[in-house]
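Comments concern the structure below.
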Amino acid sequence: MNDKSDPAAPEEIRDYIRDIIRDDLAAGRRDVIVTRFPPEPNGYLHIGHAKSVCLNFGIGIEFGGRCHMRFDDTNPVKEEHEYIDAIQEDVRWLGFDWGEHLYFASDHFERLYQWAEHLINSGDAYIDDLSPDEIREHRGTLTEPGKNSPYRERPIEENLDLFRRMRAGEFPNGARVLRAKVDMASGNMNMRDPVIYRILHANHPRTGDAWCIYPTYDFAHGQSDAIEGVTHSICTLEFEDHRPLYDWLIAHLPVDMVPLQYEFSRLNLTYTVLSKRRLIQLVQENHVRGWDDPRLPTLRGLRRRGIPAAAIRDFVSRLAISKSDGTVEIALLEHCVRELLNKTAERRMAVLKPLKVVIENWPEGETDELEAINNPNDESAGTRRINFSGEIFIERDDFMEEPAKKFFRLAPGREVRLRYAYFITCREVIKNDAGEVIELRCTYDPESRGGQSPDGRKVKGTLHWASAADSVAAEVRLYNHLFNSENPGAEDDVLNDLNPDSLQVLENCLIEPSLASATPGEAIQFERQGYFCLDADSTPERPVFNRTISLRDDWARIQKQKQKS
RNA sequence: UGGGGAAUAGUAUAAUGGUAGUACAGCGGACUCUGACUCCGUAGGUCGAGGUUCGAAUCCUCGUUCCCCAGCCA
C-alpha cells in the first residue's frame, strides 16, 4: 500500500526541515529523531494544528524515531482539563499515536525549578522586584535599548532566598519575578532579561495547588525538549526570534542533550479564521453552534461535517513546509475531500426541495422495484432495490417552466430520465393561487424501464427522485463558507464578513428509506448534489444530514458566468 | 542601518549556476443513466535596477514590498 493519505506511508517527502534531518542522520549528529507536538490545553485543535501534527508525527514515523505528545501547561490561569482530553482525542482521530510518550511540561516542574536555581547560582538569573509596568518601562522600545533593573545585581544568596520564598508562597501575584540575566540592550526583545518564573496563585489542572510559581514558555519549552530528548523542536514562524533565547538557556543549563529549534509557516486558509482568539469569539458570541459546528475549521467541526481524517492528511501533505507565509485556498481542501469521498462514498438519492410529480399513465396501485448501483467506483459495494410508483418527487431546481438556454432538465413537453427508472415527459404544470408551481403531471414510457429506451432515443437530462410512498422525511443542513471574504477581518471587523447564509436548514427533504439508518460519520453521496453524513442531532424519527461538500456543479458555474456578463 | 524572517503563474510550491516544472483554481472540448467522475487540450510566473558569468530564479550590490517582536501568553 502506498496511499499518501496513510500516515505510515514510506514515501520520501522533501522539505527544508526533513533535509536537515537527513543531513543530521548522515553526519552522525543524531542517531534517533525525536519530535513533539506541543499544544497548550487552552482551546480546541483546528486544521492549522493538523499541519503541525502531521509534520511532527510524520517525521517521527518516516525516520523511525518518535513523536511525543506534550502539553505545554505552564499557565494554569488559562488551561483546563477538558482541553487535555479533547486534544488527545482529536490527534488520535487524525490518525496518530504517541504510544507511551505522553508528557506534560508540568511533569518537569521540579526539575525546572532546580534549573532555575542553577541559573541563579551561576549568576545568570535574578529576582526582580519591579512591577509589571516598571518592567515594561525598563524594557525600552523596538528602536531604543532597555535599562537595567535596579535589582539586576542582587547578590546570589539574596536571589536564592527570595526565589525559595516565592515558591513558598510568601508573595502575592506580580510581586516579583525571576529573570534571566541576558542583555537589556539587545535588538531582540526576547533577550532583554526575559521573565522566566512568575508568581501565580492559581489551581493547575494537573498539579493542583502544589505550585504558586510557574515557568514561562521560554523557560519550559526548550527545557522540556532537553529533558525528553527531543532532537528537532519544530514550531511556527513567530517563535523565530525566541530561538536565540532557546539556545542561550540550553547553553547555560546542565542538560544532557541539546535540542534545536526549527520554524515553518503556519497555515492560513481563505474564507475562514484560524486564530484561537477569533474561534473563541465565534463560539462564545454564538455566531456558530459550538466548537464542533460543521462550519468551523476545528478538527471537531470538520469531523462533524463529515470530512474524513484521511482527506485532512492528504490536504496537509500537499502543503509546503517553508518559511514564507501565505494563504492556501480552501478549494484545495475541498478538492481533497471530493477526491476521497468520490472513491469511497455510497450513492443514494435524496430530494432536498421536493416538487410533486404524478405519472398519469402509471397503472393504478402498482409498484415497480428497480435496481440502483451503490458505488460506481467500487463494484463490491453492490446494488440496492428502490421502489417506483405513480407519485414521486423531483428537485424544484430540476424544473423550469420557461427553460433557460442550456437548461436540459425538465420543462413542459420535455422528456428526461429518472435515474435508474423511466423516461418521463412533462404534460401539464399545476400552480396554486399565488402562481407557484406545486405539481407536475407527466407520462412515462414503459419501454424505458431501467433508464434506457429500446429505440435508442436520447434524453439530455437525468434527474434524481424520491418515491412518495417510500421516502422518509429528513432535515438537511447545507453549509457554505463561514465568511464572505477570502481574508476575513483584513479590511473591517471580522464579524462584518460573516456569511449570513453559511448555514441553510432544509426541513422537508425526502430521502431513501435506507438512509434513515446510516451510521453517523459515514459519507454518502446524494446523487447529483454532494456528500452528506448523518448528524449527531438525528433521532430515529427525524434523521438530520450535514452536507460535507457539494459536487462540482457546471450548471451553477454557467449560471454564475451569465450573471457576471 | 532596532532585531528577526519572506518574496517564482490567481493560490501553494519545485528547480540548490545549465530546457522555469507540479498541484489546486481558471478557460475550451470529449465522454457520461450523477451538468459528478474520467480524459484531452489551453492560458498564465522568477519583486525592481544594476553587476559577475558562455549561461542567473539561483551568486554580488543597491533598492522595494510584506510578515513577526516592546505579555509576569504560548
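Below, all heavy atoms of this structure are taken into account, side chains as well, without hydrogens, waters or symmetry copies. Naming: A, B, ... by sequence-line order, numbering from 1 per chain.
Residue A/Q529 places no side-chain atom within donor-acceptor reach of the base of B/U34, judged by atom type and a 3.5 Å distance cut-off alone. A donor N or O paired with an acceptor N or O is not found under 3.5 Å between the base of B/G4 and the side-chain atoms of A/R243. A donor-acceptor contact under 3.5 Å is not formed by the side chain of A/R318 with the base of B/U13. A donor-acceptor contact under 3.5 Å is formed by the side chain of A/R14 with the base of B/U16. Side-chain N/O atoms of A/H138 and base N/O atoms of B/A70 include no donor-acceptor pair closer than 3.5 Å. The base of B/G3 lies close enough to the side chain of A/D241 for a donor and an acceptor atom to sit less than 3.5 Å apart.
At B/U11, none of the side-chain N or O atoms of A/T327 fall inside 4.0 Å of OP1 or OP2 (strictly under the cut-off). For A/R266, no side-chain nitrogen or oxygen approaches OP1 or OP2 of B/C67 to under 4.0 Å. Remark: A/R198 is in phosphate contact with B/C73, judged by side-chain N or O atoms under 4.0 Å from OP1 or OP2. Here A/T74 does not reach the OP1 or OP2 of B/C73: none of its side-chain N or O atoms lies under 4.0 Å away. Contact annotation: A/H464 does not reach the phosphate of B/U34 (side-chain N/O to OP1 or OP2, under 4.0 Å).
Using a 4.0 Å heavy-atom cutoff across all strands shown, A/T141 reaches at least one base atom of the nucleic acid. Across all strands, A/F239 comes closer than 4.0 Å to base atoms (heavy-atom distances). Across all strands, A/R139 comes closer than 4.0 Å only to sugar-phosphate atoms, never to a base (heavy-atom distances). Using a 4.0 Å heavy-atom cutoff across all strands shown, A/E144 reaches no nucleic acid atom at all.
A cation-pi contact, defined as under 6.0 Å to the ring centre and within 45° of the axis, is absent between A/R154 and A/Y126.
Atom CZ of A/R206 has more than 12 heavy atoms from other residues, nucleotides or ligands within 6.0 Å. Heavy atoms of other residues, nucleotides or ligands lying less than 6.0 angstrom from CD of A/E371 number more than 12.
Here A/Y217 does not lie in a stacked arrangement on the base of B/A74, lacking the combination of planes under 30° and ring centres under 5.5 Å apart.
Taking the six-membered ring for Trp and the full ring otherwise, the centers of A/F239 and A/Y217 sit less than 6.0 Å from each other.
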